[in-house]
Amino acid sequence: MKDFDARGIPHTTPRQSATFSQDINSDIRRAAATGIYDIRGGGAKRKVPHFDDLLFLGASISRYPLEGYREKCETSVTLGTRFAENPIELDIPITIAGMSFGALSGPAKEALGRGANAAGTSTTTGDGGMTPEERGHSSKLVYQYLPSRYGMNPDDLRKADAIEIVVGQGAKPGGGGMLLGQKISDRVAEMRNLPKGIDQRSSCRHPDWTGPDDLEIKILELREITNWKVPIYVKVAGARPYFDTTLAVKAGADVVVLDGMQGGTAATQDVFIEHVGQPTLACIRPAVQALQDLGMHREVQLVISGGIRSGADVAKAMALGADAVAIGTAALIALGDNDPKWEAEYNELGTTAGAYDDWHEGQDPAGITTQDPELMKRFDPVEGGRRLKNYLKVMTLEAQTIARACGKNHLHNLEPEDLCAVTMEAAAMAQVPLAGTNWYPGKPGSGY
Amino acid sequence: MQTFDLEAEGLRKLNAQLHAQSADTNQTVWDIINPKGSHAIAVGLDAPIEVNVRGSTGYYCAGMNKQATVHIHGSAGPGTAENMMSGKVIVEGDASQYAGATGHGGTLIIKGNASSRCGISMKGIDIIVHGNIGHMSAFMAQSGNIVVLGDAGDALGDSCYEARFFVRGSVKSLGADCIEKEMRPEHIAMLEELLKRGECDAKPEEFKRYGSARKLYNFDVDNAGAY
Ligand SMILES: Cc1cc2nc3c(=O)[nH]c(=O)nc-3n(C[C@H](O)[C@H](O)[C@H](O)COP(=O)(O)O)c2cc1C
């Protein structure tokens, strides 16, 4: 580009608009070309205050640390101690979140089971029901009870180690699911009692109950059917965490699963993923507050999900009061999704490794979010399981490292006092002091 | 016959005893007295037994039923026979909302009227209603049959898939993508069997058939207004 125009007047530097960015303009062009909103998988991609905005203080003179590798730092957690005869005992507080068969291939579900088993944790079914692969390979399997009830049957319900009533998902609070025709293979269609190749919409509301009073009766029914043996979780999106947690506990939940807006999904509208729901970080303290106000913190366990990636995230969620966390997207990446080794094929699909999110289209080069038999062959469930186990172990070791540094002999002993925040927003959301101060916005008595 | 006083002995004991019945049980007939509108009566059964409930029931009576026959000698609350897999549930009175919701199989017979959302998301169950059914019935119904001897309320079969609806009386309105369809000989034969099973005094020829136009099966921007 020339610096001057024909008359010798200098050009100004071409300037992209922050409002009409290249990203936004490409959205507008896509909408103009198709007439339909963009559907994709994954979670919110926008930047929101997150665990990265918190830091641990570590030990000093006022607190002494524990010796790495020598002094014990426990990681076990028991979920469902409130009413269930057989609560779920996990070696590590990191569980595998519900991901549907249909969205994921059978071998991918198998790998999740293998990895979770080896690491001593649970997996979760998803929309579309329970497959023999995942029941067979998961020693602790949580059965989701979803609005669509695709594949829901009492035999599988009775085979489950826990039941998770899904009210909402962080990626789409108030929204239902979507599985496009390309992914409806014979097997998926049969499990869901629907014709092959049609777009399947999962409802956003349960068909036979609405509101907290009904939920209490629904929980009673599920307990009666399973003879009060297994825990009943209630999964809610990060919408109104204080009230949703309160109502779930009042309705009789053993465990509340709270999924913030960064939480992944198999497929929904991009506008939903990016614009509805609260960041995970903002949801934890109100939920813990609700449990404390009811005298139920640690009686009803709180599982946090939505953007958990590392042992540091696990430790931070637990320090803010969670009993455990769940991972979806990170587990898929550990299995090999979005791996740069498939870059050429991602490019063919108009994307790049790390950004690939058209999981609903069933063309996943990594063979994980697909029902295409050829692509599925690329994925080895044994190797995938091993990778997931390694990743879960690393996260656990990382969380233990931090906990020991804070002088804690159990991850559950981490507390908000171990944290500070590096931004005002994170300080306000997590209710921990802004680094270098003893203050956070909204601190009682601070006048702000 | 076993008589069980629900008020005196409690729900937990009732369901535990019913669940303990195996396929070759001798205790094949149960009479439940004093149900008094309790919720979750006789849920999750899985044996070829006959359970008579002497009175009205609350939410989810006979929920997820397999094999058993549950006969409610009264009216039934919301979600009766929800997600039934097989067997038979008979309601002598009226049924509240979501009767037979998401049912995969078996037969639900309602001698009175059924309220709104009857057969919502049904996946193979047959529902036979002697009276009328309320609005939004068979919403997203996937498969199975609904037979209505009376009238249907607003938005029958909205966004339905392969389920069939046979209505003798009027239909206040049809939901998105639900249309009237031709009654071919195979439908007459099918309906004849359903009417017999449902203990109905009616002729197949008196009914009209409704079902999916299959226009919303794959997203098409020109139909966007209908979603
Ligand atoms: C591929 C995929 C499929 C999912 N399917 C379901 C589902 O069937 N039911 C559900 O409740 N949540 C589903 N989720 C959401 C997860 O259970 C979980 O809430 C979320 O992934 C957690 O956030 P993270 O992905 O940042 O770890 C799915 C997520 C992904 C990535």
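Every chain is numbered from 1 and lettered A, B, ... according to where its sequence line falls, protein lines coming before strand lines.
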For [X] and [Y], which I'm curious about, is there any donor-acceptor pair between the side chains at under 3.5 Å?
X: Asn34(B); Y: Arg54(B); result: no
X: Asp154(B); Y: Ser173(B); result: yes
X: Ser202(A); Y: Asp127(A); result: yes
X: Ser75(B); Y: Asp94(B); result: no
X: Asn193(A); Y: Gln142(B); result: no
X: Asp372(A); Y: Gln363(A); result: no
X: Asp364(A); Y: Thr369(A); result: yes

Which bit of [X] comes within less than 4.5 Å of chain A, counting heavy atoms only: side chain, backbone, both or neither?
X: Glu162(B); answer: side chain
X: Asn65(B); answer: neither
X: Arg117(B); answer: side chain
X: Ile41(B); answer: neither
X: Met85(B); answer: side chain

Item checked: Greatest number of heavy atom pairs closer than 4.5 Å to chain A - which of Tyr60(B), Tyr161(B), Phe139(B) -> Tyr60(B)

Notebook entry, point to check: Lys66(B), His39(B), His104(B), Lys123(B): which one forms the most heavy-atom pairs within less than 4.5 Å of chain A?
Noted result: Lys123(B)

Margin query: Tell me whether Arg30(A) contacts the main-chain N or O of Ile36(A) through its side chain, where contact means a donor paired with an acceptor under 3.5 Å.
Written below: yes

Check: With no hydrogens and no angle check, is any side-chain donor or acceptor of Trp30(B) less than 3.5 Å from a backbone partner on Gln27(B)?
Finding: yes

Most contacts with chain B, counted as non-hydrogen pairs under 4.5 angstrom, among [options]:
options: Lys218(A), Met152(A), Glu224(A), Arg149(A); result: Glu224(A)
options: Ser203(A), Ser148(A), Pro154(A); result: Pro154(A)
options: Asp155(A), Thr226(A), Leu157(A); result: Asp155(A)

Next item on the list: Please state whether the side chain, the backbone, both or neither of Arg192(A) comes within less than 4.5 Å of a heavy atom of chain B.
Entry: backbone

Notebook entry, point to check: Would you call Thr210(A) and Tyr98(B) a side-chain contact if the rule is heavy atoms closer than 4.5 Å?
Noted result: yes

Next item on the list: Answer yes or no: are there more than 12 heavy-atom neighbours, outside Lys181(B) itself, under 6.0 Å from its atom NZ?
Entry: yes

Checklist line | Inter-chain contacts: residues 16-25 of chain B against chain A, heavy atoms under 4.5 Å | finding: Ala16(B), His19(B)

